[in-house]
Peer 1: 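Submitted below is the structure of interest, expressed as structure tokens.
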2 protein chains.
Amino acid sequence: MQVERKHRMTRQRQVILEELRRVKTHPTADELYFIVRQKLPRISLATVYRNLDLLYQEGKILKLPAVDGVMRFDGTVTPHYHIRCTKCGRVSDVMLDVDLNLERKVARRTGYHVTGYVLEFEGVCPDCAPRTEH
Amino acid sequence: MQVERKHRMTRQRQVILEELRRVKTHPTADELYFIVRQKLPRISLATVYRNLDLLYQEGKILKLPAVDGVMRFDGTVTPHYHIRCTKCGRVSDVMLDVDLNLERKVARRTGYHVTGYVLEFEGVCPDCAPRTEH
DNA sequence: TATTGTCCGAAAACTATTATCAGTATTAGT
DNA sequence: ACTAATACTGATAATAGTTTTCGGACAATA
Ligand SMILES: [Zn+2]
Ligand SMILES: [Zn+2]
Ligand SMILES: [Zn+2]
Ligand SMILES: [Zn+2]
């Protein structure tokens, strides 16, 4: 029996979700905090964190694994991958269907019940790439 | 010409590397700190961190990406993948040769210069799996 | 509009990691 | 072996990101 939760739609939660869906930068909590403050100047950073976690629990947003120690959030929940610039930290979408289909093989090797995997590409974004001399 | 080596082989560095190579648990810095203190009771946690980073720079150990926010270390440097138990956090090796060869495709899609990727499997380890009733 | 209890802002607490610093000990050179 | 140079250590403080706490505010329901 699942415990019924009664989530309210507060102005804060609304704006946080709207802004996260609008931007395409996969912002950190702090970055989104600055974005949201343009509409809600009195909002608290803790409220941003709280709502991001709640929206994640509800499946309305994604949390990107904190590969570099900082958590990032994604308003696009349709399946896609990410590539992270190792110079500036920017995260871009990779609209490419990658089907690893390795779960059975990995399960046999490890004895784990495999539920998924984390896949994130690394590289240098066009802005950070050294200019070609000519 | 070879870069001049200025690193000293201290007892602390020696024991940290030995113990990390001995265990197969992919410990956090703190976990390794407790292990190493059995041989060097006066060692500092900062020394563990410092040496893990230095050994990593030297290519003698691996750092696992902090997918869940905590860094883990690996004394096995031969290429292999990992699977993390989502219940207890344990990380096990996956001795499976996976060559995705996706990097070129991703580069074409994103415009990034792709240098690598992070791949880590997720699942439930045998110890955490629910016992089958019969 | 009264009641209920979720939610908020502000601040403190917490956790993992890094930086600081005075004293120690490894290494190279004699 | 002795010495000098300096990488390194332990203890501690500082930092950064995130979570918790708590009294008051406010959305939801009737
Ligand atoms: Zn970049
Ligand atoms: Zn995305
Ligand atoms: Zn487990
Ligand atoms: Zn490993």
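Since this is a predicted model, take the numbers as computed values, not measurements. Letters go in sequence order (proteins before strands), and every chain restarts at 1.
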Peer 1: Could you walk me through whether B:Ser92 and A:Thr110 pass side-chain contact (heavy atoms from CB on, under 4.5 Å), step by step?
Peer 2: CA-CA 8 Å; B:Ser92 303; A:Thr110 61; 5.6 Å; no
Peer 1: D:dT12, C:dT17, C:dT6: which one has an atom nearest the side-chain heavy atoms of B:Ala29?
Peer 2: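 Nearest listed nucleotide: C:dT17.
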Peer 1: Checking contacts here: which listed nucleotide (C:dC8, C:dT6, D:dT18) is nearest the side-chain heavy atoms of A:Arg8?
Peer 2: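 The nucleotide sitting nearest to the side chain is C:dT6.
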Peer 1: Could you state the CD-C1' distance from A:Gln14 to C:dT6, rounded to the nearest angstrom?
Peer 2: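 Going from A:Gln14 (CD) to C:dT6 (C1'), I get 16 Å.
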Peer 1: At less than 3.5 Å, do the side-chain atoms of B:Arg11 and the base atoms of C:dT24 form a donor-acceptor pair?
Peer 2: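 Answer is no: no donor-acceptor pair is held.
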Peer 1: Of the listed nucleotides (C:dA11, D:dC8, D:dA11), which one gets closest to any side-chain atom of B:Arg42?
Peer 2: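 Within the option list, the nearest is D:dA11.
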Peer 1: Is the OH atom of A:Tyr56 crowded by more than 12 outside heavy atoms at less than 6.0 Å?
Peer 2: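 Counting other residues, nucleotides and ligands, OH of A:Tyr56 stays at 12 neighbours or fewer.
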Peer 1: Is any side-chain heavy atom of A:Gln12 less than 4.5 Å from a side-chain heavy atom of A:Val36?
Peer 2: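 Sidechains of A:Val36 and A:Gln12: no contact.
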Peer 1: Side chains of A:His80 and A:Asp97: is there a donor and an acceptor less than 3.5 Å apart?
Peer 2: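 No, no side-chain donor-acceptor pair sits under 3.5 Å.
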Peer 1: Applying the side-chain hydrogen bond (donor to acceptor under 3.5 Å, both in side chains) criterion to A:His26, which one of A:Glu31, A:His82, A:Arg72 satisfies it?
Peer 2: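 When A:Glu31, A:His82, A:Arg72 are each tested with A:His26, the side-chain hydrogen bond (donor to acceptor under 3.5 Å, both in side chains) holds only for A:His82.
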Peer 1: Of all the nucleotides listed (C:dA16, D:dT18, D:dA11), which has the minimum atom distance to the side chain of B:Val70?
Peer 2: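 The closest nucleotide is C:dA16.
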Peer 1: To the nearest Å, how far apart are B:Arg50 CZ and D:dA13 C1'?
Peer 2: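 B:Arg50 atom CZ is separated from D:dA13 atom C1' by 13 Å.
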Peer 1: Atom CG of B:Asn51 to atom C1' of D:dT9: distance rounded to whole Å?
Peer 2: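 About 9 Å, once rounded to whole Å.
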Peer 1: Which one, C:dC7, C:dT26, D:dG17, comes nearest to the side chain of A:Tyr49?
Peer 2: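 Of the options given, the side chain of A:Tyr49 lies nearest D:dG17.
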Peer 1: Give the rounded distance in Å between these two atoms: CG of B:Leu17 and P of D:dC8.
Peer 2: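 B:Leu17 atom CG is separated from D:dC8 atom P by 14 Å.
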Peer 1: Quantified as the angle between the terminal helix axes (five pairs each), what is the overall bend of the helix from C:dT1-D:dA30 to C:dT30-D:dA1 to 10 degrees?
Peer 2: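 One end axis against the other gives 40°.
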Peer 1: Can you tell which of C:dA19, C:dT17, C:dC8 lies closest to the side chain of B:Leu45?
Peer 2: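 The nucleotide sitting nearest to the side chain is C:dT17.
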Peer 1: Any idea which of C:dC7, C:dT20, C:dA10 is nearest the A:Arg13 side chain?
Peer 2: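 Taking heavy atoms from C-beta onward, the closest nucleotide is C:dC7.
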Peer 1: More than 12 foreign heavy atoms under 6.0 Å from NZ of A:Lys60: is that the case here?
Peer 2: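 No, not enclosed.
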Peer 1: Quick check for you: among D:dC8, D:dT18, C:dG9, whose closest atom lies nearest to any side-chain atom of A:Gln12?
Peer 2: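 Nucleotide nearest to A:Gln12's side chain: C:dG9.
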Peer 1: Please give, in whole Å, the distance from D:dG17 C1' to A:Phe73 CZ?
Peer 2: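 After rounding, the reported distance stands at 11 Å.
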Peer 1: Between B:Leu52 (CG) and D:dC8 (C1'), how many Å, whole number?
Peer 2: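 Between C1' of D:dC8 and CG of B:Leu52: 15 Å.
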Peer 1: Can you work out whether A:Val48 or B:Asp30 has the more 5'-proximal nearest nucleotide on DNA chain C?
Peer 2: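 Counting from the 5' end, the first nearest nucleotide belongs to A:Val48.
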Peer 1: Find the distance B:Leu54:CG to C:dT18:C1' and express it as a whole number of Å.
Peer 2: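 To the nearest whole Å, that distance equals 15 Å.
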Peer 1: Is atom NZ of B:Lys105 surrounded by more than 12 heavy atoms (other residues, nucleotides or ligands) closer than 6.0 Å?
Peer 2: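 At most 12 heavy atoms, drawn from other residues, nucleotides or ligands, come within 6.0 Å of this atom.
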Peer 1: Out of C:dT20, C:dT17, C:dC8, which has the shortest distance to the side chain of A:Thr10?
Peer 2: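 Among the listed nucleotides, the one closest to the side chain of A:Thr10 is C:dC8.
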Peer 1: Give the rounded distance in Å between these two atoms: CD1 of B:Ile43 and P of C:dA25.
Peer 2: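 Result: 14 Å.
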Peer 1: If the threshold is 4.0 Å, N to carboxylate O, is there a salt bridge linking A:Asp74 and A:Lys63?
Peer 2: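 So A:Asp74 does not pair with A:Lys63 through a salt bridge.
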